Trainee: 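Dumping the structure here so I can ask a few things about it.
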2 protein chains.
Amino acid sequence: MGIDHTTKLHHPERDEIELPGVLHALSDPQRLEIVRRLAGSDEACACGSIKLGLSKSTMTHHFRVLRESGVIRQKREGTSKLTQLRREDLDARFPGLLDAVLSSEAVPA
Amino acid sequence: MGIDHTTKLHHPERDEIELPGVLHALSDPQRLEIVRRLAGSDEACACGSIKLGLSKSTMTHHFRVLRESGVIRQKREGTSKLTQLRREDLDARFPGLLDAVLSSEAVPA
DNA sequence: TCAAAAGTACGATCATCGTCGTACAATCGA
DNA sequence: TCGATTGTACGACGATGATCGTACTTTTGA
């Protein structure tokens, strides 16, 4: 029944990634900012290196939403957790979507 | 042009359309289906011609979310209300986004 | 061995969302 | 005018969401 948060990190397979879930994950301004920062640095970076002025537990929440929707991949690395965008998976499943979302930053209100 | 006193409906201007709002509007499966049907028929079509098995008031709600986020444009036409996608505005503001959303999973389970 | 660092779990709180039913308003055809 | 069609307003309700603080776990390094 649902996802076990206590054992392993759950990542959906590429073909399990659902469009509404991805759109929902990206529809939150804070998560959108996280995704933009991840897209900015090509390599995986630690959760804690992204600072948005939110509490640690709120950050955990946002990273979980992004991970479980298939937007990011996370793995442990020492005491940190490395996070990276699932660019290839997203591009394969929803061609052009991520690029459209990321490039829209260049057209600010 | 006959129809005019329809301007009570709130539509954001093109440059007022916000990405999180659009993503949120599209993140609901029912609204996604509405958008797909609108994209299927080139001309504006009446709200009531789109049947999803939801109540009238729920449909009104979904159309309002889509309209206020800038995804659709609506105008009165007799007792009906004509609805159409704001393709040009969306393409101008978020190039590639709508195409990416529409071209993926056009036939959901 | 112990303390700091990084992140998670859990419960709480308050807001938003999706859905409905009922009542109402506007328009058109007969 | 009347009734049918089409959609809205409003209130309710349960579900989900974003946020926080506190306590906890895991790992590293001194």
Side-chain angles (χ1 to χ4, degrees), chain A residues 1-11 18 20-35 37-38 44-69 71-84, chain B residues 2-11 18 20-35 37-38 44-69 71-84 108:
Chain A
M1 40 176 289
I3 293 160
D4 181 8
H5 299 306
T6 64
T7 53
K8 246 184 141 180
L9 294 177
H10 175 255
H11 293 87
E18 306 269 358
V22 171
L23 295 177
H24 171 252
L26 298 176
S27 73
D28 180 89
Q30 310 282 15
R31 288 194 292 263
L32 202 47
E33 180 60 25
I34 292 174
V35 167
R37 304 236 188 138
L38 291 174
C45 60
C47 287
S49 68
I50 297 179
K51 304 202 186 308
L52 300 178
L54 299 174
S55 71
K56 284 199 302 177
S57 40
T58 299
M59 290 302 283
T60 296
H61 164 71
H62 285 315
F63 279 112
R64 184 169 55 228
V65 172
L66 288 169
R67 174 168 41 80
E68 292 181 351
S69 67
V71 175
I72 64 173
R73 191 178 295 280
Q74 291 183 297
K75 61 176 178 180
R76 310 216 40 171
E77 187 77 24
T79 79
S80 302
K81 184 171 270 181
L82 294 188
T83 302
Q84 66 183 157
Chain B
I3 326 95
D4 43 3
H5 48 289
T6 70
T7 26
K8 255 172 107 174
L9 296 174
H10 174 256
H11 293 86
E18 308 268 359
V22 171
L23 294 177
H24 170 253
L26 298 178
S27 72
D28 179 88
Q30 308 282 14
R31 288 194 290 264
L32 202 48
E33 180 60 26
I34 291 174
V35 168
R37 303 235 189 142
L38 290 174
C45 61
C47 289
S49 69
I50 297 178
K51 304 202 187 309
L52 300 177
L54 300 174
S55 72
K56 285 197 302 176
S57 40
T58 299
M59 289 302 282
T60 295
H61 164 71
H62 285 316
F63 279 112
R64 184 170 53 232
V65 172
L66 289 170
R67 173 167 41 80
E68 292 182 350
S69 67
V71 175
I72 64 172
R73 191 178 293 281
Q74 292 183 295
K75 61 178 179 181
R76 310 216 38 176
E77 184 78 25
T79 78
S80 301
K81 183 170 269 180
L82 294 187
T83 302
Q84 66 184 158

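So that the names make sense, note that chain A is the first sequence line, chain B the second, and so on, each numbered from 1. Remember, it's a predicted structure, so these values are computed and weren't measured experimentally.
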Trainee: Is the shortest heavy-atom distance from the side chain of Q74(A) to the side chain of L66(A) under 4.5 Å?
Mentor: no

Trainee: Between dG18(C), dG7(C), dT19(C), which one does the side chain of T58(B) approach most closely?
Mentor: dT19(C)

Trainee: So, does the side chain of S57(B) form a donor-acceptor pair with the base of dG21(C) at under 3.5 Å?
Mentor: yes

Trainee: Go along nucleotides 24-29 of chain D 5' to 3' and tag each nucleotide: B for a protein heavy atom under 4.0 Å from its base, S when only backbone or sugar atoms are that close, - otherwise.
Mentor: ---BS-

Trainee: Side-chain N or O of T60(A) versus OP1/OP2 of dT8(C): is the shortest distance under 4.0 Å?
Mentor: yes

Trainee: Could you tell me if the side chain of R31(B) sits less than 4.5 Å from the side chain of V71(B), heavy atoms only?
Mentor: no

Trainee: Using heavy-atom distances to pick each residue's nearest nucleotide on DNA chain D, tell me which of M59(B) and G53(A) is more 5'.
Mentor: M59(B)

Trainee: What is the distance, to the nearest angstrom, from the CZ atom on F63(B) to the C1' atom on dT19(C)?
Mentor: 16 Å

Trainee: To the nearest Å, give me how far apart CG (L23(A)) and P (dG17(D)) are.
Mentor: 14 Å

Trainee: Below 4.5 Å, heavy atoms only, C-beta onward: do R37(A) and L52(A) meet side chain to side chain?
Mentor: yes

Trainee: Which value, rounded to the nearest 0.5 Å, describes the distance between H24(B) atom NE2 and E18(B) atom CD?
Mentor: 14.0 Å

Trainee: Quickly work out the E68(B) CD to dT8(D) P distance and round it to whole Å.
Mentor: 11 Å

Trainee: Does a side-chain N or O of R31(A) approach OP1 or OP2 of dA18(D) to a distance below 4.0 Å, or not?
Mentor: yes

Trainee: Could you give the CZ-to-C1' distance, from R64(B) to dT8(D), as a whole number of Å?
Mentor: 8 Å

Trainee: Which whole-number value in Å describes the distance from L9(B) CG to dT6(D) C1'?
Mentor: 14 Å

Trainee: Take the protein atom CG of L82(B) and the nucleotide atom P of dT27(C), then report the distance between them rounded to whole Å.
Mentor: 14 Å

Trainee: Could you work out which one of dC17(C), dA9(D), dG21(C) sits closest to the side chain of S55(B)?
Mentor: dG21(C)

Trainee: When you measure from the side chain of H10(A) to the backbone of R64(A), do you find a donor-acceptor pair of N or O atoms at a distance under 3.5 Å?
Mentor: no

Trainee: Can you check whether I50(B) reaches E33(B) side chain to side chain, under 4.5 Å on heavy atoms?
Mentor: no

Trainee: May I ask you to verify if any side-chain N or O of Q74(A) is less than 4.0 angstrom from the OP1 or OP2 atom of dG7(C)?
Mentor: no

Trainee: Which residue, H24(A) or L54(A), contacts DNA chain D at a nucleotide closer to its 5' end, judged by nearest heavy atom?
Mentor: H24(A)

Trainee: Measuring only between side-chain heavy atoms, which start at C-beta, is H11(A) closer than 4.5 Å to L9(A)?
Mentor: yes

Trainee: By nearest nucleotide on DNA chain C, pick out whichever of H62(B) and K81(A) is the more 5' one.
Mentor: K81(A)

Trainee: Please state how far atom NZ in K51(A) lies from atom P in dA5(C), giving the value in whole angstrom units.
Mentor: 12 Å

Trainee: Base, sugar-phosphate, or nothing for S80(B), non-hydrogen atoms under 4.0 angstrom?
Mentor: sugar-phosphate

Trainee: How close or far is atom C1' of dG21(C) from atom NE2 of H61(B), stated in whole angstroms?
Mentor: 16 Å

Trainee: Examine distances only and state if a side-chain atom of R67(B) and a backbone atom of S69(B) form a donor-acceptor pair shorter than 3.5 Å.
Mentor: no

